[in-house]
Amino acid sequence: MNKKILALLFSGLLIISAALTGCGGNAKDDKVLKVACSADFAPFEFQEEGNKEYQGFDMDLIRALGKEMGRNVEISNIAFDGLIPALEAGNIDVAISGMTINDERKGKVLFSDPYYESGLTIVVRADEESIKGFKDLEGKKVAAQIGTTGSKEAAKIKDCEVKNFNVISECFMELKAKGVDAVINDKPVNDNYLKKTNGEGVKALSEKLTSENYGMAVRKDNKKLQEELNAALKKLKDNGEYQKIYEKWFGGASK
Ligand code: GLN
């Protein structure tokens with residue numbers, strides 16, 4: 001082969017590969033599923049110190065769903081109250097972030113079928129005697145994460161001062177520093193926090209305030225993706241993969 005032919009072949013290859021990769025990533029790559037979470041919600045989505053990889057139940061689930069759908073999952077970290085705006089702006093395809101399916105959000109996004117059953121509980125300081133349930137929060141100070149169902153529930157309490165924080169770890173810090181009397185947040189995340197900190201200084205009340213279902217959110221006009229996610233979720237439930245992921249993070253059988 002002479003040099004000219006080689007050069008021609010080479011430039012041909014370059015053109016083909018540029019076309020395939022979308023000329024440096026400008027063109028839309030349908031294989032990539034752009035996912036976002038608010039990585040501050042262990043055991044659903046979090047990062048460990050010194051390890052950039054997103055971990056948690058939601059993270060394993062969306063990666064398994066992506067694999068089932070033949071899509072490369074690309075995960076980014078967006079504050080919880082910025083997830084729905086990011087979907088609406090078309091910056092991401094899916095939000096998975098321990099997000100409760102509710103009517104208010106259904107007005108803005110489409111949800112997948114429920115993939116996890118959750119609910120809210122109250123965390124107080126270990127030496128707290130006066131708060132035994134939701135009704136005792138009247139006239140008290142409560143911390144919650146901004147834009148969450150916990151924050152909404154707190155806002156219903158009479159004469160209660162609600163302090164909203166960007167992330168749930170700040171709520172627990174405020175509780176320990178006695179800036180608030182209680183934290184309202186999702187039960188599995190509260191339980192995980194108590195386990196990780198050996199319940200040091202705080203305790204969770206047994207009363208469950210709500211029953212909530214988590215769903216993955218997609219853009220209103222993306223019914224196709226909603227259906228694909230539902231089909232893949234069903235597949236993972238049928239083939240035992242969902243169960244494996246559930247047991248890894250929560251032990252025991254899923255509902
Ligand atoms: N499940 C709650 C909600 O949807 C909290 C979610 C979260 O903080 N990641 O509002």
Side-chain angles (χ1 to χ4, degrees), residues 35-48 54-62 75-88 92 94-123 134 142-157 162-175 180 182-196 202 204-205 207-220 226 229 245-246 249-250 254-255:
V35 174
C37 69
S38 178
D40 48 42
F41 215 55
F44 293 94
E45 39 271 323
F46 61 99
Q47 285 170 299
E48 266 171 0
Y54 295 113
Q55 298 184 56
F57 176 78
D58 286 352
M59 301 296 94
D60 284 352
L61 182 62
I62 194 68
I75 301 172
S76 57
N77 191 3
I78 296 178
F80 188 75
D81 64 342
L83 288 169
I84 290 183
L87 272 176
E88 288 176 320
I92 55 168
V94 183
I96 181 165
S97 205
M99 190 183 282
T100 300
I101 301 171
N102 66 20
D103 287 343
E104 188 190 330
R105 291 173 184 157
K106 272 191 195 164
K108 299 177 184 162
V109 293
L110 295 178
F111 277 105
S112 70
D113 290 335
Y115 69 85
Y116 185 92
E117 211 181 301
S118 189
L120 299 170
T121 56
I122 299 165
V123 178
F134 191 65
V142 172
Q145 186 181 7
I146 193 162
T148 62
T149 49
S151 171
K152 265 192 105 172
E153 207 57 28
K156 291 182 190 163
I157 307 163
V162 183
K163 287 191 179 181
N164 283 301
F165 291 90
N166 283 326
V167 290
I168 196 64
S169 56
E170 290 172 358
C171 297
F172 291 128
M173 264 156 60
E174 188 72 2
L175 176 67
V180 291
V183 173
I184 299 184
N185 182 44
D186 298 35
K187 182 178 190 303
V189 175
N190 289 340
D191 291 349
N192 182 75
Y193 175 77
L194 289 171
K195 207 167 94 191
K196 283 272 143 69
V202 294
L205 304 182
E207 180 189 19
K208 213 167 153 191
L209 310 183
T210 55
S211 181
E212 306 183 7
N213 276 312
Y214 292 167
M216 290 164 269
V218 302
R219 238 182 339 274
K220 264 258 145 121
Q226 179 195 36
L229 284 167
I245 299 172
Y246 188 97
W249 294 101
F250 304 106
S254 69
K255 288 193 186 152

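This structure is a prediction, so every number in the text was calculated from the model and none was measured. As the structure lists them, so they are numbered: ligands from 1, and atoms in each ligand from 1. Only this structure's heavy atoms are used, side chains among them; waters, hydrogens and symmetry mates stay out.
- In this structure, a donor-acceptor pair under 3.5 Å is absent between the side chains of Asn213 and Tyr115.
- Using modelled atom types and a 3.5 Å distance limit, the side chains of Asp186 and Tyr214 yield a donor-acceptor pair.
- By the side-chain hydrogen bond (donor to acceptor under 3.5 Å, both in side chains) test, Lys156 is found to be paired with Glu153, residues two or more places apart in sequence or in another chain being considered.
- Formation of a donor-acceptor pair under 3.5 Å by the Gln226 side chain with backbone atoms of Ser112 is not found in this model.
- The residue from Val202, Ile122, Ile184, Thr121 that alone fulfils the side chain to side chain contact (heavy atoms under 4.5 Å, CB included) condition with Asn190 is Thr121.
- Between Asp191 and Lys187, at least one side-chain nitrogen of the basic residue sits less than 4.0 Å from a carboxylate oxygen of the acidic one, meeting the salt-bridge criterion.
- Ordered by chain and residue number, the residues placing a heavy atom less than 4.0 Å from ligand 1 are Phe41, Phe80, Ser97, Gly98, Met99, Thr100, Arg105, Gln145, Thr148, Thr149, Asp186, Tyr214.
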